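Notes follow the structure.
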Amino acid sequence: MNKIPDGTTVELTGTFDGHVHLRQKKTGLLELTLPDLLDEFGGALIMCNTEPPITSIRLGLDYRAEVLSELPAGAEFDALFTYYLTDEAKADEIVEGYRRRIWRACKYMPNNGSTNTARALTRFRNGYPIYERMEEEDIPLLLHAETVGDRIDPFDAPRVFISEEMPELRKRFPKLRVCLEHITDGTAADYMAEAERNNEPTWATLTPQHFVYSRNRIFQRGSVREGTFRRGSNPSFVCWPLLQREEPHRQKLLQQVAGGNNRIGLGTDRAPHDFDKAKACEDGCGGCYPGRLALAIYAMGFEAIGSFEHFQNFACRNIPCGLYRLPPGKKKIRLTKCAARPSTMPEKIGEVVPILHGEKIPWREEAVC
Ligand code: NCD
Ligand code: ZN
Ligand code: ZN
């Protein structure tokens, strides 16, 4: 790792989280985790795999009201929402909701591939008539780009999706704005390199866990505190799509970020779950939670690749201004390298166990007014 001296600072202006799960009041997770998001980010794209999922204008309005009612008075936060694609999706309603800004994008999730996906499209290609209309109306399509099933190795699922679905999608809908959410592997990195070369309207979000860690972390018990290594399973690092091996996958992602690919940007995929009831159990869910130290984790990643010059665009521009065409945001965060007095990730946040729980992160964060 490139070590930079304590006291080095990085300032980010317009921090935006391009992929978050806020859940609902009834789960207790919305109130618990929203403050963490507000601490670090001035805006976010909020996912729609609620219960029930956001499949109509009425549900979209209700969910938006629910989230906005939890924002503290006077909070300056740009909350953007999404629509959940099902086999029954109605193009006219999608277009109307988009024009009314109830949602800013539609989300494809593989059926039974992640949390609350029982109602999701049963085949990606069933959505073609909808994607056609979305292309006409210039509505972004966000992809949980995995093909899942009991005959597919879960580590291969993103590669199967990208190689089997993306060429045809692009052939049919060349102008459709697309975002490959939470990219993990070399196939996605290669795809994004090509997308940049060809000026294709495809973007990608990258989570802190996929940026900084390889799949080894899923098989290290508990947390790794200094000098300890214990083999075992670590549900806090289980995220769909799974973290991948270092070579070539994570390394290829890092190359794209280090090269300043302007279509790849920040999306934490913060996906809180009650640890005992929903993660560390049979039928456990995927989903990682970075607490209020997401930017500090990304800073470790930028430090490792020595590319701080790309951090600002990655965290504040590529997704909000590039993909969603928002004006630059205002939220300012200063990160300071501080190995002597590191931040510590809490062991627990309510019933949620964050990634790196109990571990030290050698960066400190503060809001700058
Ligand atoms: C997310 C969740 O729990 O909502 N889980 C995950 O493993 N990433 C859903 C998602 O983004 O697929
Ligand atoms: Zn997903
Ligand atoms: Zn997600």
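Please read these numbers as outputs of a predicted model, since none were measured by experiment. Here, residue 1 is the first one in the sequence, and each next residue gets the next number. Atoms within a ligand are numbered from 1 in the order they appear, just like the ligands themselves. Any value given below was found using the heavy atoms of this structure, including those in side chains, with hydrogens, waters and symmetry copies removed.
- Aromatic ring centres of Phe161 and Trp240 lie farther apart than the 6.0 Å criterion allows.
- For the Zn ion (ligand 3), the nearest N, O or S atom contributed by Asp269 is named OD1.
- Between Phe16 and Phe41, the ring centre distance reaches or exceeds 6.0 Å.
- Neither the backbone nor the side chain of Asn116 comes within 4.0 Å of ligand 1, counting heavy atoms alone.
- When ring centroids are compared, Tyr128 and Phe173 come within the 6.0 Å threshold.
- Near His144, meaning under 4.0 Å from any of its heavy atoms, are these atoms of ligand 1: 10 (C), 12 (O).
- In Met109, the part holding a heavy atom less than 4.0 Å from any atom of ligand 1 is the side chain.
- With respect to atom 5 (N) of ligand 1, the closest heavy atom belonging to the protein is Gly286 O, 3.2 Å.
- Among the atoms of Glu181, none of the N, O or S atoms falls under 2.8 Å from the Zn ion (ligand 3).
- Coordination check, His182 versus the Zn ion (ligand 3): failed, since every N/O/S atom of the residue sits at 2.8 Å or beyond.
- For ligand 1 and Ser114, the ligand atoms under 4.0 Å from any heavy atom of the residue are 1 (C), 5 (N), 6 (C), 7 (O), 9 (C), 10 (C), 12 (O).
- For the Zn ion (ligand 3), the N/O/S atoms of His21 include one lying under 2.8 Å.
- Checked against the 6.0 Å centroid criterion, the rings of Tyr131 and Phe124 qualify as a close aromatic pair.
- Between Leu266 and Ile319 the shortest side-chain heavy-atom distance does not fall below 4.5 Å.
- Against a heavy-atom cut-off of under 4.0 Å, Gly287 is close to the following atoms of ligand 1: 5 (N), 6 (C), 7 (O).
- For the 3.5 Å distance criterion, the side chains of Gln24 and Glu66 fail to qualify, holding no donor opposite an acceptor.
- Contacts between Arg23 and ligand 1, counted as non-hydrogen atom pairs separated by less than 4.0 Å, involve the side chain only.
- Nearest protein heavy-atom contact of atom 7 (O) of ligand 1 is Trp240 N, 2.8 Å.
- Distances from ligand 1 to the non-hydrogen atoms of His273 include at least one value under 4.0 Å.
- The six-membered or imidazole ring of Phe314 lies near that of Tyr298, with a centre-to-centre distance under 6.0 Å.
- Proximity of His19 to ligand 1, defined as any heavy-atom pair under 4.0 Å, is confined to the side chain (atoms from C-beta onward).
- Of all atoms in ligand 1, listed by their number and element, those nearer than 4.0 Å to a heavy atom of Ala271 are 1 (C), 2 (C), 3 (O).
- If you look at Val238 next to ligand 1, there are no close heavy atoms at all, none under 4.0 Å.
- Residue Arg159 is tested with Asp185, Asp153, Thr184 for a side chain to side chain donor-acceptor pair (under 3.5 Å); the sole match is Asp185.
- Remark: the His273 side chain and the Arg23 side chain contain an N/O donor-acceptor pair separated by less than 3.5 Å.
- The minimum distance between the Zn ion (ligand 3) and any N, O or S atom of His19 involves atom NE2.
- A salt bridge links Asp138 with Arg325: the closest approach of a Lys/Arg side-chain nitrogen to an acidic carboxylate oxygen falls below 4.0 angstrom.
- Using a 4.0 Å heavy-atom cutoff, Cys239 is listed among the residues neighbouring ligand 1.
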